S.K.: 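My questions will all concern the structure given below.
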Amino acid sequence: MTQQITHSELDEVVKRSPRKWVYLFSEGNASMRELLGGKGAGVAEMTNAGLPVPPGFTITTEACNSYYDSNRQFPEGVWEQVKAALAIVEKQTGKGFGSKENPLLVSVRSGAKFSMPGMMDTVLNLGINDETVLGLVALTGDERFAYDAYRRFIQMFSKIVLDTNPQDFEEVLERYKHEAGVKTDAEIPAEDLKKLVGEFKQIAERASGQPFPTDVYQQLHKAIEAVFSSWNNKRAIDYRNFNKIPHNLGTGVNVQSMVFGNMGNNSGTGVAFTRNPAHGEKKLYGEYLLNAQGEDVVAGIRTPSPISKLEQELPEVYQQFLEIAQRLEKHYRDMQDLEFTVEKGKLYMLQTRSGKRNAGAAVKIAVDMVEEGLITPEEAVKRVEPSQVYQLLLPRFDEAEKRRAEQEGRLLAKGLNASPGAAFGKAIFDADRAEELGKAGTPVVLVRPETSPDDVHGMLVAKGILTARGGATSHAAVVARGLGLPCVAGCEGIRVSEEQHLFRVVGSDLVIKEGDDISIDGATGEVFAGIIKTVDADFDKETDLKKLLGWADGFRKLGVWANADYPRDAKRAVTFGAQGIGLCRTEHMFMEQERLPIVQKMILAKTKEEREAALEQLLPFQQSDFKGLFEAMVDPQTNEGYPVVIRLIDPPLHEFLPSYEELLVEVTRLETQGGHEAELAEKRQMLEAVGAMREMNPMLGLRGCRLGLLFPEINVMQTRAILGAAAELEKEGKKLHPKIMIPLVGHVNELKEVRRQLEATAAGIADDAGKPIDYKFGTMIELPRAALTADRIAEVSDFFSFGTNDLTQTTFGFSRDDAEGKFLLRYVEGLEEPGLKDKVKILPVNPFQTLDRDGVGQLVAMAVEKGRKTNPDIELGICGEHGGDPDSIEFCNEVGLNYVSCSPFRVPVARLAAAQAALSRAEKDR
Ligand code: ADP
Ligand code: MG
Ligand code: MG
């Protein structure tokens, strides 16, 4: 009844305005977040659900945007509508704004579409002046309360609207507490508060150079403007940049009648989550303070009590709050973050929003809610961030131990958080020693100035990697991510001495020597002295996560495979849910210690015969490698093998030889020392060979399929090893599906020729086996020319795998080895421009991490289309870092690849991301 009358009064004013700028809480609802902001939509929804919400109204985000468009003036009609709405609130509460007898006080609260906690401003207790405060005293009979509200108002208004230094007030407040001999604000006697108010006003006037506004409408006008302005304060802008929230959304302004939590010990204020945001348990979690107002809980002046204690202190309020919390959670079908205030035993709800939660809680809450019948599996899958899944699977420091280490001053330095996870072990400064100790079971953290492929054998057994140089995509970072190893890279706070086997901590005389224990956290970049124990994640025990991923599997269209070079990685990938190996790089096998000399003999061979002899020696090694990998990928129940893609040798051969510079130094040393004739001759020979192989641009040089065309016997050996291993297992009754991948094809003739050479070998082995082997030949699409001519290439290829690392390198013309260190990260960060306020960003993201849809993506899309045109059965996948990146996975889903392949630890992430991509595609198509 009252509602109808009241609405029409506002409607009259709206009719005369260009637009409706103001919505009473009773006019809004949860779906209006864009227009009313999250807070406004939330209080409106609660109001209409009949929950106890102090009456008020919301000024729209459109009004905020128009305010900016019209040179920071209130757009026409806003102020008139505010006054009309306020008149309605006066009726609803029976109070008068500015009234001496029964004053209405309001809060003026910001609230944007996306919650930006603490970034924008809110003013409480607005509407107090020297006259209305007397009304407040008369009405409540509580002088202390009235003047406490007054001083809070001056304090907040000054800080937010007049932009004065809050410290000035705090100092005076402290002095009063000291003089009164009390500990908390709530204990300052009324008489003192009155004086305090006087002083506060003087501070405000001095700082702003104007009399403190006594007109309540003027107060309101200024506060609304201040909230509009807070949308563009630096804090808020930084927050939006970091969280990728658009800058043009604007904030709503909520004007709401005040309720008072500071009216004695049957009043109070608090915040609560409907479930535990740290681990997801279904139990109210939060805290409150009696006799306090909103900001006191977070301000940390008094220690709040856990929400469970409210059950004893105010049992009826607690019961009611519990019921409301449950109702809101059911209503929103998500965990809620609530704010409430109790005034003289009566509960009021002030805010509800979806609560932020950590990775473990996100998964548990999503799965629990499905089981409670609250949400569908589809919604659960959409709610968890892929990055949260990744975090869940990593070892982490024991919290208590970490805190102790911090207190003991054992935090040494902070570098780049290059690959998440935590680890401890003995600091070891060379890869050989690390391998030795690691194999003997000693936990090792490999510390290097930076790493290179020569260090890989040490990295394989290390628990973590620490480098002083190199960026987020340096060798150390990329390899560590691939291995799922924690890595802190580019840690400039340490100086590594390779010769002395130690590192120094910059700016202190601390030294960590070989064998000293250290601990690193790759998620934060922190490096500690001593051991901080870690707690392991165990995928098998993550039952909630497994359930969630099981649902995800039902939604996704993309297959999820893994990149794995070793049986150990392959097995892990299968437990994580991989359905195949999308990339096995064979060169790592060549790098292993006992094989490297043979590989070098093969490379340095003068004749084909010599080379074949060395290859013959390598064959059994390779064959057993492949057998191990295939075995790891056979389902023991069905004996059916998952597909395994093995890439023939790819890197330039000099990578298997000592570096030219090193050799030169060695030879010179031996020459000057004299007396080492045999050794010298050998080194000279090597130097000559390496010198002859040197290239200006090895990444564009003799590598990939080009090697096989010049030295077919290498590919032949690898093919024999692959199919020989398959034949052995077929004999045991296993069903294998090996796929042989020929890298770096740019012209169809390259592939044609390599394939011709290998088909003969393959057919021979299949004949010997007496059984057909289901092998396939395919290529990587990693050069722009391959993408442009994919139709021709597809005619001789059973599958394509997009090698988007090289494709990005060759499309941009960015060297993968140097670009990040030299300029690429600067491109992403933004370049400083004198005279410009903002940095100039050249690229939005690092294209080696997230696939560049506009450029590289076009090539991929084109190759997909052309490839399928000439070979409709062609199987299409992606390997390389992008295969585990959620945004790139979405792209792969869009262009219709068959699968993505990523490092084993990324498989669960990819399963979820692929499901989300499929679901959001389906939504768009609907
Ligand atoms: P934030 O977005 O920073 O949380 P809010 O607008 O929610 O800012 O306000 C902060 C706190 O101020 C609230 O949690 C509540 O305790 C208090 N508050 C806001 N409006 C009122 C009101 N009308 N009555 C009583 N307290 C209020
Ligand atoms: Mg709030
Ligand atoms: Mg490549």
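Everything numeric here is computed off the predicted structure, so don't read it as measured data. First listed ligand is number 1; within each ligand, the first listed atom is number 1. Throughout, residue positions are numbered sequentially from 1 according to the sequence presented.
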S.K.: Among all the protein's non-hydrogen atoms, which is closest to atom 9 (O) of ligand 1, and how far away is it?
M.R.: Thr122 CG2, 3.6 Å
S.K.: I need the minimum non-hydrogen distance between Tyr318 and Ile307, along with the two atoms involved.
M.R.: CE1-O, 3.5 Å
S.K.: For ligand 1, which atoms have a heavy atom of Leu124 less than 4.0 angstrom away?
M.R.: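 Those atoms are 12 (O), 17 (C), 18 (N), 19 (C), 20 (N), 27 (C).
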S.K.: Starting from atom 16 (O) of ligand 1, find the nearest protein heavy-atom neighbour and note its residue, name and distance.
M.R.: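 Protein heavy atom at minimum distance: Gly294 CA, 2.9 Å.
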S.K.: Just by modelled atom types, is the Lys194 backbone N or O under 3.5 Å from a matching donor or acceptor in the Glu199 side chain?
M.R.: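 No, because the side chain of Glu199 does not come within donor-acceptor range (under 3.5 Å) of the backbone of Lys194.
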S.K.: What I want to know is whether Val259 and ligand 1 share at least one N or O pair that is separated by under 3.5 angstrom.
M.R.: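 Yes - when backbone and side-chain N and O of Val259 are compared with those of ligand 1, one distance drops under 3.5 Å.
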S.K.: Considering only non-hydrogen protein atoms, determine which one is nearest to atom 23 (N) of ligand 1 and report residue, atom name and distance to 0.1 Å.
M.R.: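 Its nearest protein heavy-atom neighbour is Ser257 O, 3.0 Å.
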S.K.: Quick check: Arg353 and ligand 1, any N/O pair under 3.5 Å apart?
M.R.: no
S.K.: Counting from 1, what ligand 1 atoms have a heavy atom of Thr269 closer than 4.0 Å?
M.R.: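 So the atoms of ligand 1 that pass are 16 (O).
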S.K.: Quick check on contacts: which atoms of ligand 1 are under 4.0 angstrom from a heavy atom of Gln256?
M.R.: 20 (N), 23 (N)
S.K.: Near Ser107, which atoms of ligand 1 are under 4.0 Å from a heavy atom of that residue?
M.R.: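 Counting atoms of ligand 1 from 1, those under 4.0 Å from Ser107 are 19 (C), 20 (N), 21 (C), 22 (C), 23 (N).
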S.K.: Tell me, which protein residue and heavy-atom name are nearest atom 3 (O) of ligand 1, and how many Å apart are they?
M.R.: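 It is Gly118 N, 4.2 Å.
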S.K.: Counting only heavy atoms, which portion of Leu350 has something under 4.0 Å from ligand 1: side chain, backbone, both, or neither?
M.R.: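 The part of Leu350 near ligand 1 is the side chain, not the backbone.
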S.K.: Using a 4.0 Å heavy-atom cut-off, say whether Gln293 meets ligand 1 through its side chain, its backbone, both or neither.
M.R.: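 Contact part for Gln293 vs ligand 1: neither.
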S.K.: Backbone N or O of Phe97 within a donor-acceptor pair of the Glu90 side chain at under 3.5 Å?
M.R.: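 Yes.
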S.K.: Distance-only, no hydrogens or angles: does the Glu143 side chain make a donor-acceptor pair with backbone N or O of Glu191 under 3.5 Å?
M.R.: no
S.K.: What angle sits at the Mg ion (ligand 2) between OE1 of Gln351 and OE1 of Glu339, to 10°?
M.R.: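 For OE1 of Glu339 and OE1 of Gln351, the angle centred on the Mg ion (ligand 2) reads 80°.
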S.K.: Backbone N or O of Thr214 within a donor-acceptor pair of the Asn129 side chain at under 3.5 Å?
M.R.: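 Yes; at least one donor-acceptor contact below 3.5 Å.
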S.K.: So, are Lys159 and Asp121 salt-bridged, with charged N and O less than 4.0 Å apart?
M.R.: no
S.K.: Does the Thr132 side chain pair with the main chain of Gly135, one donor and one acceptor, at a distance under 3.5 Å?
M.R.: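 Judged by distance alone, no pair lies under 3.5 Å.
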S.K.: According to the interplanar angle, ranging from 0 to 90°, do the rings of Phe321 and Phe340 count as parallel (below 30°), tilted (30 to 60°) or perpendicular (above 60°)?
M.R.: tilted
S.K.: With heavy-atom distances below 4.0 Å as the criterion, list the atoms of ligand 1 near Lys39.
M.R.: 1 (P), 2 (O), 5 (P), 6 (O), 7 (O), 8 (O)
S.K.: Please verify the inter-ring angle class for Phe74 with Phe228; under 30° counts as parallel, over 60° as perpendicular, anything in between as tilted.
M.R.: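 Perpendicular.
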S.K.: Checking contacts here: is it the side chain or the backbone of Glu339 that comes within 4.0 Å of ligand 1, counting heavy atoms only? Could be both or neither.
M.R.: side chain
S.K.: With a cut-off of 4.0 Å, which atoms of ligand 1 are near a heavy atom of Gln351?
M.R.: 4 (O), 7 (O)
S.K.: Taking CD in Glu316 as the centre, count heavy atoms belonging to other residues, nucleotides or ligands within less than 6.0 Å. Is the count above 12?
M.R.: no
